[in-house]
Amino acid sequence: MDINLLNGLSLAYIGDAYYELKVRTHFINLGYMKVNDLHKFVVKYTSGDAQAKFIHYFLEKNILKEEEILIFKRGRNSHVHTSRKNLELKDYLDATGFEAIFGYLYLKNEINRIDELMDIIFKI
């Protein structure tokens, strides 16, 4: 499979799943065991609002590499036919681009880079 041929939504699709797993694993490793508590913590990192906030932070602080910015734009500029309830379209598109980055890095097996980004996210 040539990752560079995948469209932004395909990258976001796999990126969303992998990112959610990383966030859930993080809180399980911190010792949270009650599902209600886990859900409250996880949603703070996986909601469209949160993902938009994180990508804006990455862009403002010049954290992303050039290829990651291109992948973000590919995901953000995808032809999205829906949006999430209570989320501005711009933020929804930015969150899609954010997820695309994680999908791209996951498919390239760049787990160390994902871990670097996750460390930054958990410190914001």
Side-chain angles (χ1 to χ4, degrees):
M1 164 182 42
D2 186 349
I3 299 167
N4 293 310
L5 297 178
L6 292 175
N7 65 44
L9 291 179
S10 295
L11 292 171
Y13 180 77
I14 192 72
D16 178 48
Y18 188 73
Y19 175 74
E20 177 115 10
L21 180 62
K22 293 291 282 186
V23 173
R24 288 180 181 205
T25 302
H26 173 77
F27 286 104
I28 290 282
N29 287 337
L30 289 178
Y32 295 99
M33 292 183 236
K34 293 182 181 178
V35 174
N36 288 338
D37 292 341
L38 284 166
H39 179 73
K40 288 176 189 174
F41 287 114
V42 168
V43 166
K44 290 180 182 180
Y45 289 87
T46 59
S47 71
D49 284 328
Q51 291 177 349
K53 179 182 88 171
F54 297 141
I55 193 64
H56 297 158
Y57 181 87
F58 287 169
L59 293 169
E60 289 168 11
K61 302 294 184 182
N62 296 314
I63 291 169
L64 298 177
K65 298 175 182 176
E66 187 175 327
E67 75 175 317
E68 293 165 348
I69 293 170
L70 293 174
I71 295 300
F72 161 71
K73 290 178 180 178
R74 187 187 315 174
R76 180 194 64 193
N77 296 335
S78 296
H79 297 286
V80 176
H81 300 290
T82 64
S83 65
R84 294 180 186 168
K85 185 178 176 182
N86 301 323
L87 185 61
E88 299 271 337
L89 180 60
K90 182 193 180 316
D91 287 340
Y92 180 76
L93 295 173
D94 287 347
T96 302
F98 173 86
E99 293 169 345
I101 293 169
F102 281 85
Y104 179 78
L105 293 172
Y106 170 73
L107 291 172
K108 285 188 67 180
N109 201 32
E110 292 189 19
I111 306 307
N112 288 338
R113 178 61 176 157
I114 291 172
D115 290 343
E116 289 173 14
L117 296 176
M118 294 303 298
D119 286 344
I120 294 167
I121 286 168
F122 290 126
K123 291 177 183 170
I124 295 175

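Values below: every heavy atom of this structure, side chains too, minus hydrogens, waters and symmetry copies.
- Cluster annotation: Ile28 and Met33 are assigned to distinct hydrophobic clusters (Ile/Leu/Val/Met/Phe/Trp/Tyr, side-chain heavy-atom contacts under 4.5 Å, transitive).
- Dense packing is recorded around OH of Tyr18, with more than 12 heavy atoms of other residues, nucleotides or ligands lying under 6.0 Å away.
- Between Gln51 and Ala95, the closest heavy-atom pair is OE1-CB, 3.5 Å.
- Taking every heavy atom of both residues into account, Ala100 and Gly8 meet most closely at CB-O, 3.9 Å.
- The heavy-atom pair separating Thr96 from Ala12 by the smallest distance is O-CB, 3.5 Å.
- Using bins of under 30°, 30° to 60° and over 60° for the plane-to-plane angle, the ring pair Phe27/Phe41 lands in the parallel bin.
- Taking CD1 of Ile3 as the start and OH of Tyr106 as the end, the distance is 10.5 Å to the nearest 0.5 Å.
- Nearest heavy atoms, Glu99 versus Asp16: OE2-OD1, 3.1 Å.
- Checked by atom type and distance alone, the side chain of Tyr19 pairs as donor or acceptor with a backbone atom of Tyr45 at under 3.5 Å.
- Atoms CD1 and CG, from Ile101 and Leu11 in turn, are 10.5 Å apart once rounded to the nearest 0.5 Å.
- One distance of note links CG of Asp91 with CZ of Arg76; it measures 12.0 Å at 0.5 Å rounding.
- Residues Asn7 and Arg74 come closest through the heavy atom pair C-CD, 4.2 Å.
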Can I get a per-line list of side-chain donor-acceptor pairs under 3.5 Å for residues 53-60, giving both atom names and the distance, sequence neighbours left out?
unit_1: His56; atom_1: ND1; unit_2: Ala52; atom_2: O; d: 3.1
unit_1: His56; atom_1: NE2; unit_2: Asp94; atom_2: OD2; d: 2.7

Which donor-acceptor pairs under 3.5 Å do side chains of residues 113-124 form with protein atoms, sequence neighbours excluded?
unit_1: Arg113; atom_1: NE; unit_2: Glu68; atom_2: OE1; d: 3.4
unit_1: Arg113; atom_1: NE; unit_2: Glu68; atom_2: OE2; d: 2.8
unit_1: Arg113; atom_1: NH1; unit_2: Glu116; atom_2: OE1; d: 2.9
unit_1: Arg113; atom_1: NH2; unit_2: Ile63; atom_2: O; d: 2.8
unit_1: Arg113; atom_1: NH2; unit_2: Glu68; atom_2: OE1; d: 2.8
unit_1: Asp115; atom_1: OD1; unit_2: Lys22; atom_2: NZ; d: 2.6

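- Counting heavy atoms from C-beta outward, Arg24 and Leu38 have side chains that stay 4.5 Å or more apart.
- When hydrophobic clusters are built by joining Ile, Leu, Val, Met, Phe, Trp and Tyr residues whose side-chain heavy atoms come closer than 4.5 Å, directly or via intermediates, Val42 is grouped together with Tyr32.
- Looking at heavy atoms from C-beta onward, Leu6 lies out of side-chain contact with Ile14 at the 4.5 angstrom threshold.
- Rounding to the nearest 0.5 angstrom, the gap separating the CG atom in Asn112 from the CG atom in Leu105 is 11.0 Å.
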